Trainee: 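Pasting a structure here, questions to come.
By convention here, the first residue in the shown sequence is residue 1. The model shown is predicted, which means the values in this text are computed figures rather than measured ones.
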Amino acid sequence: GTIEDALKDIAQDYGVFVTRDITTITLVSGTPTYALPENHLATLHVSMANRPLVASSRHELERLDSGYLTTPGTAAKPVKRWYQDKGAANVIGFHPVPSVGSGNGLAVEVIYFAYPCSAASGLEVPKVLADMIEFQTEQEMYGKESDFQMVEVAQSCKALADLYSAQVK
């Protein structure tokens with residue numbers, strides 16, 4: 001376990017790192033799916049042209065439109081829905097498919113829970129999380145079998161990390 005691993009675990013467990021991205025996805029005519037940022041964990045909100053899009057499952061889209069993967073949008077039926085299930089990891093899709101008449105060239109706003117950046121590049125986290133990460137790291141450091149092993153210190157650090165974790169939840 002590294003500090004980066006601890007930060008990723010915290011991001012997954014508590015969703016504390018929220019990011020708003022308006023530059024990664026620009027809709028292209030005929031392209032139904034797009035890659036999300038590398039640090040994407042879970043999507044909270046998607047909008048386009050200051051209009052929220054509706055989260056949908058592929059099952060729901062199949063019931064609405066059996067050709068949902070290829071049905072092009074029009075001015076009368078613009079892109080209204082987004083989906084992420086059953087596809088590749090970190091990929092988002094749109095329905096109807098962007099076309100020249102609907103969505104082509106528009107930027108998509110995605111608000112999502114993110115994995116944090118590398119600890120080496122600097123990271124601001126709430127004090128309680130910083131303390132929890134510190135105790136988790138010290139517990140691993142003092143718990144490893146080596147000349148520096150201190151079992152009692154490792155146990156105390158684990159107890160303190162668990163206490164912080166219970167309070168954060």
Side-chain angles (χ1 to χ4, degrees), residues 1-126 128-130 132-133 136 161-162 164-169:
T2 64
I3 291 177
E4 279 82 8
D5 292 337
L7 290 171
K8 284 183 179 182
D9 289 343
I10 288 169
Q12 287 178 321
D13 293 346
Y14 307 109
V16 294
F17 304 102
V18 177
T19 300
R20 176 180 177 253
D21 182 352
I22 58 171
T23 61
T24 299
I25 300 172
T26 300
L27 299 181
V28 176
S29 183
T31 305
T33 59
Y34 300 81
L36 288 161
E38 262 185 50
N39 67 341
H40 175 271
L41 179 61
T43 303
L44 297 170
H45 175 80
V46 178
S47 64
M48 181 182 70
N50 295 320
R51 184 176 43 87
L53 300 181
V54 177
S56 300
S57 68
R58 288 185 183 218
H59 179 73
E60 178 182 9
L61 291 172
E62 287 168 354
R63 285 193 334 239
L64 292 171
D65 175 7
S66 61
Y68 75 95
L69 289 170
T70 56
T71 301
T74 64
K77 290 189 175 184
V79 175
K80 289 185 180 178
R81 298 174 180 272
W82 64 273
Y83 58 91
Q84 280 184 267
D85 62 330
K86 295 185 184 177
N90 276 358
V91 172
I92 188 170
F94 297 95
H95 178 266
V97 176
S99 67
V100 172
S102 172
N104 186 50
L106 291 178
V108 176
E109 175 186 37
V110 181
I111 299 174
Y112 62 95
F113 288 127
Y115 287 121
C117 62
S118 164
S121 65
L123 179 68
E124 289 187 28
V125 297
V128 67
L129 294 178
M132 184 173 77
I133 293 167
Q136 288 172 338
D162 290 346
Y164 277 103
S165 179
Q167 295 305 310
V168 172
K169 288 183 183 179

Trainee: Quick one: CZ on R58 to CD on Q84, what's the gap to the nearest 0.5 Å?
Mentor: 10.0 Å

Trainee: Step through the shown structure and confirm whether more than 12 heavy atoms of other residues, nucleotides or ligands are within 6.0 Å of CD1 on I22.
Mentor: no

Trainee: Of the non-hydrogen atoms in R81 and E60, which two are nearest, and what is the gap between them?
Mentor: NH1-OE2, 3.3 Å

Trainee: What are the two closest heavy atoms between H40 and T43, and how far apart are they?
Mentor: NE2-OG1, 2.7 Å

Trainee: Who passes side-chain contact (heavy atoms from CB on, under 4.5 Å) against D162, sequence neighbours left out?
Mentor: K158

Trainee: Salt bridge (charged side-chain N to carboxylate O under 4.0 Å, His left out) with E62: which residues, sequence neighbours excluded?
Mentor: none

Trainee: Please give me the minimum heavy-atom distance between M132 and A161, naming the atom from each residue.
Mentor: CG-O, 3.9 Å

Trainee: Tabulate below the donor-acceptor pairs under 3.5 Å that side-chain atoms of residues 104-114 make, not counting sequence neighbours, or state none.
Mentor:
from : atom 1 : to  : atom 2 : distance (Å)
N104 : OD1    : S29 : N      : 2.8
E109 : OE1    : S47 : OG     : 2.7
E109 : OE2    : R20 : NE     : 2.3
E109 : OE2    : R20 : NH2    : 3.3
Y112 : OH     : N39 : OD1    : 3.0

Trainee: Of the non-hydrogen atoms in P52 and H45, which two are nearest, and what is the gap between them?
Mentor: CB-CE1, 3.7 Å

Trainee: Scan Y34, Y68, F94 and name whichever one has a ring pair (Phe, Tyr, Trp, His ring centres under 6.0 Å) with Y83.
Mentor: Y68

Trainee: Taking atom CG of L61 and atom OG1 of T71, what is their separation to the nearest 0.5 Å?
Mentor: 10.0 Å

Trainee: Search all heavy atoms of P98 against all heavy atoms of V28 and return the closest pair with its distance.
Mentor: CB-O, 3.8 Å

Trainee: Who pairs with D85 by salt bridge (charged side-chain N to carboxylate O under 4.0 Å, His left out), at least two apart in sequence or on another chain?
Mentor: none

Trainee: First locate atom CG of D65, then atom NE2 of H95, and finally report the distance between them rounded to the nearest 0.5 Å.
Mentor: 4.0 Å

Trainee: Drop me the distance from L44's CG to T19's OG1, to the nearest 0.5 angstrom.
Mentor: 9.5 Å

Trainee: Going by the rule side-chain contact (heavy atoms from CB on, under 4.5 Å), which residues pair with S102 if we only count those two or more places apart in sequence or in a different chain?
Mentor: P78, V79, S99

Trainee: Sequence neighbours left out, what passes side chain to side chain donor-acceptor pair (under 3.5 Å) with T23? Give chain and number order.
Mentor: D21

